[in-house]
Each structure stands twice: as C-alpha cells, then as structure tokens.
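All chains are named by letter (A, B, ...) in the order of the sequence lines, taking the proteins before the strands, and each is independently numbered beginning at 1. Below, all heavy atoms of this structure are taken into account, side chains as well, without hydrogens, waters or symmetry copies.
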Number of protein chains: 2
Amino acid sequence: MQDTMAVPLDAETKVAERPGDHQAELRLWLRLLTCTNLIETEIRRRLREEFNVTLPRFDLMAQLDKNPSGMTLGELSSRMMVSNGNVTGLVERLLAQGLLDRRPSPNDRRAQLVSLSSDGRRAFRSMARTHENWVAEIFAELGPGEIDDMMRLLAKAKTSTAKAVANRDAAQ
Amino acid sequence: MQDTMAVPLDAETKVAERPGDHQAELRLWLRLLTCTNLIETEIRRRLREEFNVTLPRFDLMAQLDKNPSGMTLGELSSRMMVSNGNVTGLVERLLAQGLLDRRPSPNDRRAQLVSLSSDGRRAFRSMARTHENWVAEIFAELGPGEIDDMMRLLAKAKTSTAKAVANRDAAQ
DNA sequence: TCGAGATATTTTAAGCTTAAAGTATTTTGC
DNA sequence: GCAAAATACTTTAAGCTTAAAATATCTCGA
C-alpha cells in the first residue's frame, strides 16, 4: 500500500502529502509557546519589581557586558535579532538613564559605538547575578539529564525551523 | 564533607545554597527563548504575508472558534492570558474588519458577548488549516517519540515554573 | 434596601516592536 | 575619480502590551 511504503520523503513533502492529522505538532507548538511565555512573563515581572528594568534593556546590557570594547547599533541589532529602529530607541532610553556611554566609531562616520557606563556595568552585574538564580529556581525541578535532553530537542527544533524558513524563502 | 552530603533539599533551597554554577539552566533558558522566538517570528511573518492578519488577532479568533456561542471580553482575556485592556483593543480592530459580531450579555449589562461573524468564521477556518500545516512543517524533523519527550519536558518545566512563581508570590 | 466590595470593561500613559521610507556615509566597479 | 550600490542609522506610522486609574454594574450581607 502507498501508505506503508518506505519511500524516502523529505520533511516538506511529508507535510504536503498528509494535510490534516498534525494535532501532535500543533499541541507541541502551543505548549512550547505557553511555557516560554509563562517564564518570560515571570522574569519580566521580577526585573521590573526588583530592578525597575525591562527585559529588552536587560538583554541589550547583557550584549554590551559581553563586549566591553563597545558595539555598533548594527551589531546589537543582529545579535539581539531585532530591527535597527528598535535598537535606536532602546539605546536612547538607556543613555537617558546614564547606563550607557556613546562615542563615534573611529573608522566610520555613519556608525557609533556604545558601551556600558560604569554605572551601567555595576547595575548589570548585580542584576545578572540575581537573574541567574531566578532562572535556576524556575528550572529547579529538571535534573541535569532532563536539561541535556531539552537542549538537544530544542537544537533539533531549531534546525528543523531553519529548514522550514529556507523552504519558504526559496518559494519567494 | 558538606558538599557531598545527600541532604534532601527542596528546589528553592538548592538554588539559594549554591549561587553561581547555574550556567546549564541559563543556557537552557536562552535556547528555549531563542527557539520559540524563531518559530513565532516565522509564523507571524506567514500570517501577515499570506493572510494579512496578526498573531494576536489569529489567537483571539481561535478562541472564538472553539466557543461558537460567544465569549465575554473577560473570558477572552483569561483564556489568552493577556490584560483586559489588550482584549478591548483587539476586539475593536476585529469588529472594524467585520470579522466579529458583538451583542450585549443577556444577564449582565456590564458585559458583552463577542463571536465570529460568518466572514470571520470562514476566514479563520481557512487560515487555521494552513497554519496547522506550517506548524507541521516547522517540526517536521522531530519524530513522534521526540515530540512526546518534548511535551513531557515542557510540562515539567511548566510545573517547575509554577512553583517558582508561587514561591515568589508567597514572599510578597 | 442600602452600602460596601467585587466584577466587567474602558481609558490612559508608557514602552516595545516592526516595516518601510528617508538620510548620511562608505564601498565598489568601471 | 565617480556614479551606483551597499551599509549604518533614524524616522514614521501602526499595532501590541501592560499597569494603573476610572466607570458602570452587580452581588451580598446587615
């Protein structure tokens, strides 16, 4: 029978061949999204309540902490996977708070380099230590083996998604 | 030695006792967030490009499709896990598009019932079928066993998070 | 029944986010 | 060199999101 033949189909073909019957994947996506949102909401709430900071600002500061020599807005944009215009606004607000320093790029008059100010670095280091403990608390019930399993499964989901994105891009 | 004693500590205590050394959890959270955002961005893009609809509007319509007799804004708000004010705006925009019907609640003059209009239902059914195939394509490289594993791990992460949230709430 | 508290919703102010268009500068190919 | 293309960034308009305050209505107990 057609249905039981071991024809090697690529993932895209498999999906196209069997419309309907994707409940398992749909439930997985729903659960993945719900779970991630649950954690993200809690972390946003704690950052706001304990440090009066937003998650995007925290993330931007984390990038700068890893790059002490400074980054351009374009580098921040691609590392954070957000638009250029988004970074423009975030940097403005962090500069206004005195958490960032800004200087012109020595090579390129279009670009500017931003880095953590000493206040910014001090604030970030303190937040990061606490943040790490929050995350550990949130995942406390997962054992080391389960963490490894999840890392592996997420890596696979990521490459699977990348292929779907590539398929879509190829089809215009 | 203290470090090797098999003292039964609950998750919260374990975290508090060993500040630092939570790299594995931190990397897991980063990967979970990145992977979910990758998928979410792709789905948002396809919804916009193929159907000119946003993810929040699609989600709201999905709730109404599951509840054909209509829902109050408050029910929508709690099912979607977003604020009341958020739902007010989404419903306004969907009404303006002619995708929703609205009527006063028969019991409660404060509340209103919204449901999909016939246009809305037709549009949603069409989008939902395609959306299901997108999700299947995105997770195509995961086998049934891997989907089950991930479902189980996410469920565990969810209960673990719920406990962390409860801990935090208990501490004010 | 009356008033206090609860509930359903809206409004407001602030911030995040994007796509698209615009500006300034640099790079590239001839 | 110089024009065209690429790049770095900003601006704009639109939408999403929240917390907090405000409004309207309902419920419940004395």
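Taking atom CD of residue A:E92 and atom P of nucleotide D:dT12, one finds them 11 Å apart after rounding to whole Å. Whole-Å rounding puts the B:M81 CE to D:dT18 C1' distance at 15 Å. Rounded to whole Å, atom P of D:dA24 lies 17 Å from atom CG of B:L73. Rounded to whole Å, atom C1' of D:dA14 lies 14 Å from atom CG of B:L90. To the nearest angstrom, C1' of C:dT18 lies 14 Å from CG of B:N52. Rounded to whole Å, atom P of D:dC9 lies 11 Å from atom CE of A:M71. Rounded to whole Å, the distance from CG on B:L76 to C1' on C:dT10 is 15 Å. Distance B:Q112 CD to D:dA24 P: 15 Å, rounded to the nearest Å.
At a threshold of 4.0 Å, the pair A:R168-B:E49 counts as salt-bridged, since one of the basic side-chain nitrogens sits closer than that to a carboxylate oxygen. Between A:K156 and B:E146 there is a salt bridge, since at least one side-chain N of the basic residue sits less than 4.0 Å from a carboxylate O of the acidic one. Using a cut-off of 4.0 Å between Lys/Arg side-chain N and Asp/Glu carboxylate O, A:R44 and A:E40 are scored as salt-bridged.
Residue A:T72 is in sugar-phosphate contact alone, with no base atom involved, counting any heavy-atom pair closer than 4.0 Å across all strands shown. B:V82 comes within 4.0 angstrom of the backbone, heavy atoms only, and of no base. Residue B:G74 is in sugar-phosphate contact alone, with no base atom involved, counting any heavy-atom pair closer than 4.0 Å across all strands shown.
Residue whose closest nucleotide on DNA chain D sits further toward the 5' end, between B:R93 and A:R48: B:R93. For the pair B:N84 and A:N84, nearest-nucleotide mapping onto DNA chain C gives the more 5' position to B:N84. Each of A:G89 and A:R110 was matched to the nucleotide of DNA chain D holding its nearest heavy atom; the match closer to the 5' end belongs to A:R110. If B:R45 and A:T54 are placed on DNA chain C by their nearest nucleotide, the residue sitting closer to the 5' end is A:T54.
Regarding contacts with the backbone of D:dC16, a side-chain N or O of B:R57 is found under 4.0 angstrom from either OP1 or OP2. One finds no side-chain N or O of B:T88 lying less than 4.0 angstrom from the OP1 or OP2 phosphate oxygen of C:dT11. Checking the phosphate oxygens (OP1, OP2) of D:dT18, a side-chain nitrogen or oxygen of B:N86 falls inside 4.0 Å. One finds no side-chain N or O of A:S77 lying less than 4.0 angstrom from the OP1 or OP2 phosphate oxygen of D:dA8.
Of the candidates D:dT10, C:dT17, C:dT25, the closest approach to any side-chain atom of A:P56 belongs to C:dT17. The B:D108 side chain lies nearest to C:dA8 when the options are D:dT18, C:dA8, C:dT26.
Between the base of C:dT25 and the side chain of A:R109 there is no donor-acceptor pair shorter than 3.5 Å.
Smallest separation of non-hydrogen atoms from B:I43 and B:L55: CG2-CD1, 4.4 Å.
Hydrophobic clustering (side-chain heavy atoms under 4.5 Å, transitive across Ile, Leu, Val, Met, Phe, Trp, Tyr) groups B:V53 together with B:L64.
The only option from A:N86, A:N84, A:T88 that meets the side chain to side chain contact (heavy atoms under 4.5 Å, CB included) definition with A:L73 turns out to be A:T88.
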